[in-house]
Amino acid sequence: MNITEIMRLLQFTDSTFPVGTFSFSNGLETAGFENIVTDKETLHAFAKSQAVQAAFTDGIAALAAHRAFLSGDYDKIVEADKTLILCKMNDEARQMLKRMGKKLGELAVRLFDSEIAKKWLEDIKNDQTPGTYPVAQGIAFAAAGISEEDLFSSHQYGVVNMVLSAALRCVRVSHYDTQEILYSMSSEVKDLYDRVKVMGVNEMNAFFPELDILASLHEKGNMRMFMN
């Protein structure tokens with residue numbers, strides 16, 4: 001990577017990147033409230049489950065969109081987008097991906113001179129495609145000249161960091177605990193990438209029923225530090 005690519009990777013991965021990741025806890029708020037995640041060990045297990053589930057759904061969609069953008073195949077971008085939303089069983093997950101995806105789509109149009117990015121945002125606004133965040137990442141990273149390996153790394157970092165950042169507000173853990181978890185999980189990303197990079201959008205799979213139950217409780221509950 002050259003310096004420009006590294007700077008862009010840091011920009012798109014930064015927690016202050018204005019797509020709204022800080023507004024969501026990925027189910028952690030309810031997990032903490034229900035005493036399922038209570039300490040460093042249970043937080044680590046929860047974050048790992050999130051990372052694996054995201055790799056085999058969001059990660060596959062992001063890689064497919066990245067490759068489709070580079071080949072100029074817009075239909076495959078839409079296919080990845082529509083297939084991914086079908087993997088999200090709870091409304092909270094669908095809402096999160098669509099809100100963040102649209103925001104990144106709007107940013108992509110401003111950052112890149114890309115007809116594909118413009119068409120995708122237009123189709124989102126016209127309800128022709130869901131506009132999920134991982135697909136938006138695939139488009140934006142490809143347009144910025146960032147490799148698919150770095151895209152996957154950024155995607156995994158974003159999923160885990162969203163959970164760990166939320167944990168500092170609703171679980172009895174310290175900054176030291178969350179950084180140790182993040183450092184430990186970083187060594188597992190390469191294996192996940194090697195497993196999903198050969199999978200197509202029709203091979204997406206997710207089995208994390210506890211998360212769907214937590215999301216349903218959050219939608220009807222009184223915990224409101226994070227968006228439902």
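In this text the structure is predicted, and so the values were computed from the model without any measurement. All values below come from the heavy atoms of this structure, side chains included, with hydrogens, waters and symmetry mates left out.
- Remark: Lys88 engages Asp58 in a salt bridge (charged side-chain N to carboxylate O under 4.0 Å, His left out) (not counting sequence neighbours).
- Without hydrogens or angle criteria, Ser187 side chain to Tyr183 main chain gives no donor-acceptor distance under 3.5 Å.
- Put simply, the side chain of Ser165 gets close to the backbone of Asn161: a donor and an acceptor are under 3.5 Å apart.
- Taken from NE2 in His155 to CD1 in Ile60, the straight-line distance is 10.0 Å, to the nearest 0.5 Å.
- One hydrophobic cluster holds both Met96 and Leu104 under the rule that ILVMFWY side chains link at heavy-atom gaps under 4.5 Å.
- With hydrogens and angles left out, the side-chain atoms of Tyr193 and Gln156 include no donor and acceptor closer than 3.5 Å.
- Although no hydrogens or angles enter the test, the distance criterion places a donor-acceptor pair under 3.5 Å between the side chain of Thr83 and the main chain of Glu79.
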Give the intermediate values and the outcome of salt bridge (Lys or Arg N to Asp or Glu O under 4.0 Å) for residues Lys103 and Glu106.
CA-CA 5 Å; Lys103 283 184 175 293; Glu106 292 169 345; 5.6 Å; no
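- Comment: Glu122 does not engage Lys119 in a salt bridge, judged by the lack of any side-chain N to carboxylate O separation of less than 4.0 angstrom.
- Taking hydrophobic clusters as Ile, Leu, Val, Met, Phe, Trp and Tyr residues chained together by side-chain heavy-atom distances below 4.5 Å, Val109 does not share a cluster with Val78.
- Counting only N and O atoms by type, the side chains of Thr42 and Asp39 include a donor and acceptor under 3.5 Å apart.
- Hydrophobic cluster membership is shared by Leu151 and Leu111, with clusters built from Ile, Leu, Val, Met, Phe, Trp and Tyr side chains linked at under 4.5 angstrom.
- Under the 30°/60° scheme for interplanar angles, the aromatic rings of Phe112 and Phe12 are found to stand perpendicular.
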Derivation of the side-chain contact (heavy atoms from CB on, under 4.5 Å) call for Leu43 and Asp177
CA-CA 9 Å; Leu43 175 61; Asp177 295 328; 6.0 Å; no
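- With Arg172 contributing its side chain and Thr38 its backbone, the two residues share no donor-acceptor pair below 3.5 Å.
- Atom-to-atom distance recorded for Glu148:CD and Ser154:OG is 13.5 Å, nearest 0.5 angstrom.
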Start with the C-alpha distance between Phe33 and Cys170, add both sets of side-chain angles, then the distance that settles side-chain contact (heavy atoms from CB on, under 4.5 Å), and finish with yes or no.
CA-CA 8 Å; Phe33 184 83; Cys170 52; over 6 Å; no
One pair to check against side-chain contact (heavy atoms from CB on, under 4.5 Å): Trp120 and Asp81. What are the steps and the verdict?
CA-CA 10 Å; Trp120 192 65; Asp81 200 30; 3.7 Å; yes
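- Of all heavy-atom pairs between Ala144 and Arg8, the closest is O-NH1, 3.3 Å.
- Counting all heavy atoms, side chain and backbone alike, Gly138 lies closest to Ala65 at CA-CB, 4.1 Å.
- For the pair Leu10/Ile6, a side-chain contact is recorded, criterion being any heavy-atom separation below 4.5 Å from C-beta on.
- How far CD of Glu29 is from CD of Glu92: 8.5 Å, rounded to the nearest 0.5 Å.
- When all heavy atoms are compared, the tightest approach of Val189 to Ser153 is CG1-CA, 4.2 Å.
- Hydrophobic clustering keeps Val19 apart from Ile85 (ILVMFWY residues linked when any side-chain heavy atoms are closer than 4.5 Å, directly or through intermediates).
- For the residue pair Ser71/Asp73, the side-chain donor-acceptor check at 3.5 Å is not satisfied.
- Two residues are said to be in side-chain contact when any heavy atoms from C-beta on lie closer than 4.5 Å; Gln50 and Met162 fail this criterion.
- The neighbour count for Asn2 CG, taken as heavy atoms of other residues, nucleotides or ligands under 6.0 Å away, is above 12.
- With contacts defined as side-chain heavy-atom distances shorter than 4.5 Å, the pair Lys197/Arg67 qualifies.
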Leu164 and Ile181: CA distance, side-chain angles, deciding distance, side-chain contact (heavy atoms from CB on, under 4.5 Å) verdict
CA-CA 8 Å; Leu164 298 181; Ile181 293 171; 4.0 Å; yes
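- Between Leu28 and Ala166 the shortest heavy-atom distance is CD2-C, 3.8 Å.
- Residue Tyr133 is grouped with residue Phe152 when hydrophobic side chains (ILVMFWY) are merged at heavy-atom distances under 4.5 angstrom, including chains of intermediate members.
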Just distance, no hydrogens or angles: give the donor-acceptor pairs under 3.5 Å from side chains in residues 205-213, sequence neighbours left out.
{"from": "Asn205", "atom 1": "ND2", "to": "Glu203", "atom 2": "O", "distance (Å)": "3.1"}
{"from": "Asp212", "atom 1": "OD1", "to": "Asn90", "atom 2": "ND2", "distance (Å)": "2.7"}

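- Within the structure, the ring pair (Phe, Tyr, Trp, His ring centres under 6.0 Å) test picks out no pair touching residues 34-89 (sequence neighbours left out).
- A distance of 9.0 Å separates CD of Gln179 from NE2 of His175, quoted to the nearest 0.5 Å.
- Taking each heavy atom of Lys40 and Val173 in turn, the nearest pair found is N-CG1, 3.7 Å.
- The two atoms that bring Val196 and Ala55 nearest to each other are CG1-O, 3.6 Å, heavy atoms only.
- The local environment of CE in Met89 is sparse, with at most 12 non-hydrogen atoms from other residues, nucleotides or ligands closer than 6.0 Å.
- Neither side chain, Thr129 nor Asp123, offers a donor N or O lying under 3.5 Å from an acceptor on the other.
- When side chains are defined from C-beta on, Pro130 does not count as touching Leu97, because their heavy atoms never get closer than 4.5 Å.
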